[in-house]
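Numbers restart at 1 for each chain; the letters A, B, ... are given by sequence-line order, proteins then strands. Note that these values count all heavy atoms, side chains included, but never hydrogens, waters or copies made by symmetry.
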Amino acid sequence: MLSLIVVIPFLSALLMALVYLADTKADRYKFYTIVGVGAPMIITVLSLMVGLELVSGEETIHNTLINWLSVGELRIEIAFMADRLSAVMIAFITFIATLIHIYAAGYMRGDEAYGKFFSYFNLFMGSMLLLVLADNPIMMFIGWELVGLSSYLLIGFYHTKSSNITAANKAFILNRVGDFGFIMGISLLFISLEGTGFTFESIKANIAMIDNETLSLIGLLLFVGAMGKSAQIPLYVWLPDAMAGPTPVSALIHAATMVTAGVYMVARYSFLYIEIPDIGLFIAYIGAASALFAAIIASYQSDIKKILAYSTMSQLGYMFIAVGLGAYSSGIFHVFTHAFFKALLFMGAGAIIIALHHEQNIFKMGKLKERLPLVYITMFIATLAISGIPPFAGFFSKDAILVNAFASGHHLIWAIGSFTAFLTAFYMFRLLFTVFHADSSDTKELASLPNSMTRPLVVLAIGSATVGFLGVNEAYGGSSWFNNFLVLPDSAYHISHTTEYLLGALNVSLGLIGMFLAYKMFAINKLEVKEDALYKKVIINKFYIDELYVFFIVKPLLFLSRLIANVLDPKVFDAFINLNVWTYRKSAVIFARLQNGKVRYYALYILIGVSSMSYYMLFKLGLM
Amino acid sequence: MMDNILTNIIFLPLFAAVVLGVFRADTKYLKIGAMLSSVATLFLVLFMTYNFDPHAGMQFIKISPWIQNAGISYFVGVDALSLVILLLISLLMPPLYIYMYHEKRKGYWYNMMLLQTGVSGAVLSLDMMLFYLFWETMLLPIFVMIGKYGNGLHRYNSMKIVLMTILGSMSMLFSIMYIGYIYFETHGIWSFALNDLASIDFNAQTSIWLASGFLLAFAIKIPLVGFHTWMAPAYGSAPTPAVVIMSSIMAKLGIYGIWRFGYSLFDSTLSYYAPTIITLALIGLLYYAIRAITELHLRRMFAYSSGSHLSLIALGLFLGNIYAWSGSLYFIATHALASAGMFIVIGLTYKRFNTVYLDSLGGIASKAPRFSFFFAFFALSIAGLPGTGGFVAELLIIIGAFKVNFYIGVATATTMLSAMVYIFWMLQRALFGTANNEREYEDLSFREMIMLLPLVVLLIATGVMPSFFMQIFDPFLVSTLEAFTLNSGGVK
Amino acid sequence: MSPNLFFLLASLLFSIGLVGLVSRRNLFVLYMSIELMLSSINLLLATFSKVLGDASGSVIALLMIGVIAAEAALFLAMIVHIYRSSRSVDSDNFTALAQGKE
Amino acid sequence: MERRLVVQGIENLLEISIFTILALFMLGGSITMIMSRQTIFSAFGFLVAMIALAGIFALLDARFLAVAQIMVSVGAIVVLSILTVLTINMREENLPYERHKYKWMFFSFILALPITLLIYKSATAMYESFKTMEAVTSKVVGKLLFSEWVLAFEIVSVLLLAAMVGAIVIARKEIPKHEIPKEERA
Amino acid sequence: MIEQLILTLPMAIIVLGAFVLLLISHSKRFNLDRLNLIAVFFLILSSCVQFIIFKSNDIEFLFSDVFGETFILDTFSRIFDLMFTIGAILTLLINNDYFKSRRYFNGEYFALILFSVFGMMMLSHAHELVTAFIALEIASLSVYALVGYHKNNRVSSEAMLKYMVLGSMTGAFFMLGTALIYGAVGSTNLSDIALYTANHNIDEMSLLMVGASFISITIMFKIGAVPFHSWVIDVYHGAPYPITMFMASTFKIAIFAIALRLYIVNFGEVNVFWSELLQAITILTLIGGSWMAISQTLVKRMLAGSSIVHSGYLLIGISSLGLGSEMAGPAVMFYLIAYFISAVGSFGILSFIASQSKTQMRFEDFKGFANRRPYMALMMSIFMLSLAGFPSTIGFLGKFYIFTSAIESGQILLAGLGILTAFISVYYYFKLIAMMYFYESDEQKKKLPIDISTILIFAMGLVVVWGGMGTTLIPFIPGADGFIDIAQETINSLK
């Protein structure tokens, strides 16, 4: 069953790819829709069944497909393992993905590469599920890489525009930078544990074999991978650009699933990170920094999808705060809730974009409250959820993280988190108010939205509103069912309920302040951001980080490449050879010039030869 | 049948060429003859592979005395190492012939057949002199093909490749002769059979000198950084089939040579050279990759790419542990398939657009999706995309590198990054962007799909089920490595 | 009387022949220089013949005279032919085969 | 006894003085040969040297050789050369103008010095004196020529024949039988 | 008596042929074709006789009661005889068209070739220095005349002038050496010399040494060792193509007939003495030769330059011989055979082409040659590959034996230098192949005339390949093994 979950999307992707390649011009809308949407539906059912099985008490489910690689001590099977962590992951991934597939069937209708899109989409699904369900690091890594690949393909889906491809390249390359760290971590892990098997379970069992220093290194390297995939500082720059892809892609990949892979990975290796709290703290700080940083930038963006992208990054920061501090369950919980409302936000944004004929600048929108009521309501719910307003899902998960941060004693992280919560509310409501409330002169007729696009919004809105209750903790009268179900090695921070209430209240009030501020500033008369002050200029230009990357990495690489092309290859290596050749030829020419045609010179050469021979002989024979 | 199967495999193409040449066959028959010979060879090789016992070491051996006074014998045999390359060459020939379908120039076909004989012979010979003969022989078709059918500065470039390669092979010849002489001195008879020569105990100093002769030849063939200036011009000028064979097979023969002869003849001496070569390979890995970034000529770009990956293979070889070795050998196979596909696709690009310069391509993806798919697929499999064999190989080499040393491991892992940059930039400029409406974008025809599909299937298969393929050479590597560790105490 | 003087004379004559051969451009002088060299060898042979008390040396010298005659014939024929065709006996005039002139 | 010594002394003196004179003639002749600008002077110098050589042969008791030298070398070869020189009848301006003749001579003499020394030293290192023997008469020469040296003698005739054919081919004024194709250089 | 006379028959036939040709050369009834055939007839007759008497080993010296030990009859000399006659036959037959295309050839030409062959054969049989010298002179003088045969051509005369002046100059050294050896040994017979060298210490033999060294100067000159090389390129260039071919192949190996005999038998004991000298000359020859060869634009001159390099390889072999290498003798002999075949082939093709065109053959003139004449181009490539020492040709095995013998004698550096110059030689040989194959030609493909010269060239091509990789499968045709067996046997018969 587990194997099927992974294999089905791959097969359907392959099937669609073949059909597509066989005749790229043919319009096979029905076929692609049935296969492309059907596959995630089937696996949703399957993964729910897996989930049920685990809920009913199974510890883990294993399923081995084939023996993949067997070299020396490296024996890797294509094997899948579903424990509770992965069950949760696949449950919401498949569920949300199905919704997004349905949504996409409407969104992408009419695109001439419709089949290709679904092929890619299913490929992504398969990769993501492979990543989640892998029972060993290598398989996980393969999923990890394939996820990156499909992300590349999907971001660059509209490939006639070169900037889209640049964005895709950026995404893939930065992901690869992460993978670079990741593979080093895996290799080091393998070498350190050589001979004891290489599945997560055996690693967990033998983790004590590795000394702390190496373990820290491994943890750090693995986290580099997470940085890339989950868009953390400093490898985040691809995420905003990745919005170049079709909106369902942004919803699925860059909000709900792929970007959370990093968090999942850290949770998956929780048995490792629990041994190295220093690295965990480092992760938490990176997360906090990313959260704040993204939130600041988001507050000054005007592209609807970019705002959401930065918001994603910011929320991912929260998750890393959690997993860094050892609160793995809280992290995963946030992943879980975030998937719902962020997918919803993106899909809503997509609906708006479609309705407005591909307009993405929020300051050119407005007054959509009446014109798109369904979208407005669902997005409002999602915004409330992301801003951490109770009782929506975001409140419980975010609160759990901030409480953990406070309780862990790292108050700086907590402070940053709280401030970011305020900013989150601010920029999210800024978006909402600008788009739906503010005035607009635009009276163009809206494009109609198909049902397949709006219905998933409703489902997700319900989810966003309610899934939070799964993880309500003791303080709020729940039983932390989610956390308990996961059975991750959480660091236990004890904190009084009073403090917890206080913190919760603070968060809610911060959220409300942000909301109020946004309403004041944008709902009535929207102020378009202008680069009128230095700080604004810096923020709007995203702190010039992209330019820094170009300056410090791209430019030197190009310079080096040109150096090799223009100096090293021709002027050093080739020149060395050519110099030898030249010297040889030159001496040959000089030597041949002795051949001047005059017979007495020739006789002279002979005479010189004989003479020196005689000279030699005179000495050799002792005659002189 | 089995007794002479290797001989048949080696000489079938040559025989076909001679028969066709004697009867002055028309291009039509030439085409069919060449195709038939390659398919027949492929079947023979597959048949042999079917009967191949991975645990048996050298098999299908055929020894017959040849030039007795010089101790040169006709001595061929196959083991896992040579089988891999033999499989590759016989697998690649039919697609190449399909590629050459419209080729009217007869010399082209003859050269290809001769080339196949040369390469198969070099891979299968176990007599040093026989090896040398084939090693040089396979250079001739390349020389002619680049010089006659190439483009750009092809005449100069073909001269350059021939001279540089021969410089290497001459130094190898010198070493071979010296080793042969040492054998003669101790045993009183001449022999160049590998197993005879392997029994010699050299003193350390001699061994170092002799090994350097071999290594120079192979370093030029691979090419390691510093010996590479022939590479880009030659690849850039060569016609597609020649480039495919050069990058997929001939460059690998450099690795093969070190493996086969280096480790048999001077195992411990190679440890002496290991640090140097590892350094060179690591430099090469990045050097070529960085160079490829700004290269606009596609064939040259993939020449550098090839250099980068071959450096990695060489690196794996010299790391001297089972992971790196398996990775290297596997990489030989998968990179051959991928680069063959890539160069064929580049050839198709040239056929369509009459240019392989990146700055004049673009927009293909929107007009010719199938073409773009294959193009991108091969490019990505060169970059080591998971799901293709290249990934497995790179993974193994990286693990092997980490086993040796953390820093080497880190440096090796950069291969994850190095290919990325230029491949993706290349894809962007070649395939994507807006199409030029004045240009005809012709998608792949059925024939071209048939030619490329086997490669795609194999690449995916090697990525999905590596253990199935690796079982061919696993026992070989284990036993070779054991012998090697026994003799030299491992590489440090 | 010691043979040293004869040896000295012979070797000197040989050298004079060489010098003439190398330093002169007149073909006749070249020819005569060669003849002189060969004659000096004859002198050497005759001297050795006497030193060794063996008549063979003289016989060899006699045969040598035949050889000298043969060379002389061809040489003179060549000089005549060359002079006839190019009105010159200057060896420096014949440089059509020099490197770079082909 | 004393008388014999005296006679021997006188004979020695005579021999030496004859040798000296002949040697001087030889050297003078050959130096004239290589020095003089006019071909005819060179030829006469050569003639003198050859005649003197015949004298030295006689001094070395090789009478037959001396006669042969006079007859073949002098009588035939040198005279033939002079005749050729005269036949060609070179005018002054056709003679090469050799500017650096003496420089060349000097240097080539320096180069030739080791050769001279080598021949001289190696020969004198081995032999100090003459063996007394009978003069090489024509009888002895004839015997040797037709026993030990008959092969060499025979092939000298072939050599002369070949040289003659060659000389004729080279020297004869050929009237082309057919039209000769345009000047070709190789 | 009679049987001894039969043994001289081959040479007698040659001389007879020369006389006959002289006699009929001005008869109107015999055109050039006929004369050529008559010359070939005598040569073939001679070689047939040689074949018949090849195995009669019972008599070592001809008429030893009369001649003394001056005329030796051993396998060595017989092999060389065979090579000379075959070389001459090939020269005459391959150039049949050339003779017809040039008007200046006539009957004496063939007579001179026969004289020269006679001289060479005499040289290989000579067991006495004066005889050897005279034989050498016969061969040389005939070749001088042949070089200058194109009398209307200035370069031909010039080549003759140079060859003759320099040849006579160095010839004098041979005789000087002979005189000194006579002075030392008291005889010029090689047996006596061998006896002398065997019985004396090296410091007692300075006169002999000096003499032998002077003799070696002539040998060096004739094979074109640097610094005695300067004539080679000019003379090869200036001579008519058939003569160049004759000189490069046949005459060049003739000198080895005496050189090997001297080095192996007579001065065998003292070879070590001039090893340094020889090494110096070898190094100069290898480097200088390759310098000469790469700076040429005419193919003929390039081949001339390369023949200097090949002399260098042979000198490596001889130098190894001096240092006591067992294999060196056969190696040199094999190399001679290999070079002989390859040179006959390559020069043969040159004159074949020259017979049909009046242009000089620069490298550029070969552009598109493969298009015009694919088979000739193929053959030329084979010869080039063989000269370059490409494996599967006889040239490769030749180099192989030479270099292994150098390694055996411990001259690693010399072997290395040999390899290096072999590498450089690849450049100029491949340049020609490149010229032939890499350019398209506008001219129509010419039909290949199937005549005697093309057949012979093809045969030579086959021999080159067969000699490089052939086995003993086909009887009577020596393969790679067969040639080295012959070389071995030849050298063994010397000792």
Kindly say whether the aromatic ring centers of E:F403 and B:Y181 come within a distance under 6.0 Å.
-> no
Please report the closest heavy-atom contact between [X] and [Y], naming both atoms and the distance.
| X | Y | value |
| --- | --- | --- |
| E:A415 | B:F174 | CB-CE1, 3.5 Å |
| E:D481 | B:N69 | OD1-N, 3.1 Å |
| E:M469 | B:I67 | CA-CD1, 4.4 Å |

Within-4.5 Å side-chain heavy-atom neighbours: B:M170 and E:L420 = no
Contacting moiety of E:Q488, where chain B heavy atoms sit under 4.5 Å = neither
Whatever's closer than 4.5 Å to a heavy atom in chain B on E:I424 counts as neither
With a 4.5 angstrom heavy-atom cut-off, could you sort out which part of [X] is near chain E: side chain, backbone, both or neither?
| X | answer |
| --- | --- |
| B:S158 | side chain |
| B:W190 | side chain |
| B:M159 | side chain |

Establish, for the pair B:R155 and E:Y439, whether the NZ or CZ atom is under 6.0 angstrom from the six-membered ring centre and no further than 45 degrees off its axis.
-> yes
Listed by number, the residues in residues 427-434 of chain E that come under 4.5 Å of chain B (heavy atom to heavy atom) are E:Y427, E:F430, E:K431, E:I433, E:A434
Residues of residues 390-402 of chain E contacting chain B, heavy-atom criterion under 4.5 Å, by residue number = E:F390, E:P391, E:S392, E:F396, E:L397, E:F400, E:Y401
Chain E contacts, top residue of [options] (heavy-atom pairs, under 4.5 Å):
| options | value |
| --- | --- |
| B:Y149, B:F184, B:F143, B:Y132 | B:F143 |
| B:V162, B:I72, B:L140 | B:L140 |
| B:H154, B:E185, B:R24 | B:R24 |

B:K148 side chain vs E:F438 backbone, donor-acceptor pair below 3.5 Å = no
Roughly how far, to the nearest 0.5 Å, is CD1 of B:I166 from CZ of E:F423?
-> 8.0 Å
Can you tell me if CG on E:L413 sees more than 12 non-hydrogen neighbours from other groups inside 6.0 Å?
-> no
